[in-house]
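Some notes on the structure that comes next.
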Amino acid sequence: MMPQALKRAMTIKIVKDFMPGCIGRITELHGAYYHQHAGFGTYFEGKVAAELSEFLQRYDGNRDGIWLVLLDGKIEGSIVIDGLRAHEEGARLRWFILSDRLRGSGSGNALLSAAVNFCRTQSYERVYLWTFDGLDAARHLYEKYGFHLIKEQRGVQFGSEVKEQCFELLTST
């Protein structure tokens, strides 16, 4: 848990939409965290950078969402809703990450709330995400918001073999 004195000293702000430098910073946060905690390497970091870049090149604020957490003006977290295939397959929740400095601050809860509320506002019936086993804090948040584990499989979509998990939220329930 973050000490109260530290919480008061920080200025945390959540902003919606693109901000210069966000591709690099979101990629950096993912690369560093998942290298340390899951042993992921260049494949994973390159995949994050390429797919996030592709997403932002086709970004449509009426369909998609990106929220950034700023700590004293620096990007320290993110979450994305990719609505490109929302009406056929569901909206895809992606690139949900917080820096170590913000874990336990409530920022993850605020990001997930913004993303889920956006999906409900857009009348997206289904929201899904792919993750992997062992990310207990994130899983706790997903389940708090009503996501359910619908599929598990061994796979390498993240660059190393892990137990991949797909979570789903039906927004009409």
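All values below were derived from every heavy atom in this structure, side-chain atoms included, with hydrogens, water molecules and symmetry-related copies excluded.
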Heavy-atom side-chain proximity of F40 to E45 below 4.5 angstrom:
no
Verify the ring-centre separation between F118 and W67: is it less than 6.0 angstrom?
yes
Hydrophobic cluster identity match, L84 and L129, side-chain contacts under 4.5 Å:
no
Pairwise distance CZ(F167) to OH(Y128) - rounded to 0.5 angstrom
15.0 Å
Among the clusters formed by ILVMFWY side chains lying less than 4.5 Å apart, do L102 and L141 turn up in the same one?
yes
I'd like to check V69 versus I75 (side-chain heavy atoms, cut-off strictly below 4.5 Å). Are they in contact?
no
Flag side-chain contact, heavy atom, 4.5 Å: L111 against L98
yes
With a 4.5 Å limit on heavy-atom distance, are the side chains of V116 and L169 in contact?
yes
Closest non-hydrogen contact found for V156 with Y43 is O-CE2, 4.5 Å
Mind jotting down which residue pairs meet the salt bridge (Lys or Arg N to Asp or Glu O under 4.0 Å) criterion with at least one end in residues 122-136? Sequence neighbours excluded, please.
R126-E168
What is the distance from atom CD1 of I97 to atom CD of E28, rounded to the nearest 0.5 Å?
11.0 Å
Reported CD-to-CG distance for the pair Q57 and L52, which is rounded to 0.5 angstrom
10.0 Å
If every non-hydrogen atom of L56 is compared with every non-hydrogen atom of C22, which pair is closest and at what distance?
CD1-SG, 3.9 Å
Using only atom types and a distance under 3.5 Å, with no angle test, would you say the side chain of T171 pairs donor to acceptor with the backbone of Y124?
yes
F55 and W95: side-chain contact (heavy atoms from CB on, under 4.5 Å), yes or no, with the steps?
CA-CA 11 Å; F55 167 77; W95 303 298; 4.0 Å; yes
Taking all heavy atoms of A115 and all of I81, pick out the closest pair and write down the distance.
CB-CG1, 3.8 Å
Give a yes or no answer on whether the side chain of S113 reaches the backbone of A110 with a donor-acceptor pair at less than 3.5 Å.
no
Scanning both residues in full, the closest heavy-atom pair of I23 with S53 reads CG2-OG, 3.5 Å
Does F147 form a side-chain contact (heavy atoms from CB on, under 4.5 Å) with R139? I'd like the steps, not just the answer.
CA-CA 9 Å; F147 284 85; R139 181 176 181 160; over 6 Å; no
Note: R58-D82 ion pair, threshold 4.0 Å (strictly below):
yes
Show the nearest heavy-atom pair for residues L29 and S99, with the distance to one decimal.
CD2-CB, 3.7 Å
Do D100 and R103 make a side-chain contact, defined as non-hydrogen atoms from C-beta onward lying under 4.5 Å apart?
yes
Y145 and N109 side chains, donor-acceptor separation under 3.5 Å:
yes
Main-chain N/O of I26 paired with H30 side-chain donor or acceptor, under 3.5 Å
yes
Can you name the closest pair of heavy atoms from R154 and K163 and give their distance?
NH1-N, 3.4 Å
With no hydrogens and no angle check, is any side-chain donor or acceptor of S78 less than 3.5 Å from a backbone partner on F96?
no
If you count the non-hydrogen atoms of other residues, nucleotides and ligands that lie under 6.0 Å from NE2 in H37, is the total more than 12?
yes
Would you say the side chain of K151 lies within less than 4.5 Å of the side chain of Q165, judging by non-hydrogen atoms?
no
More than 12 heavy atoms of other residues, nucleotides or ligands under 6.0 Å from NZ of K13: is that the case?
no
Distance flag, aromatic centroids of H148 and Y142, threshold under 6.0 Å:
no
Do S105 and I12 come close enough that some side-chain heavy atom pair is under 4.5 Å?
yes
Please walk me through it: do R94 and W130 pass side-chain contact (heavy atoms from CB on, under 4.5 Å)?
CA-CA 8 Å; R94 305 188 78 183; W130 279 97; over 6 Å; no
Show your working on side-chain contact (heavy atoms from CB on, under 4.5 Å) between E164 and E152 and close with a plain yes or no.
CA-CA 6 Å; E164 299 172 348; E152 281 188 304; over 6 Å; no
Any side-chain heavy atom of L93 within less than 4.5 Å of one from L112?
yes
State the OG-CD1 distance between S107 and I79, to the nearest 0.5 angstrom.
12.0 Å
Can you establish whether the number of heavy atoms outside R85 located under 6.0 Å from its atom CZ is more than 12?
no
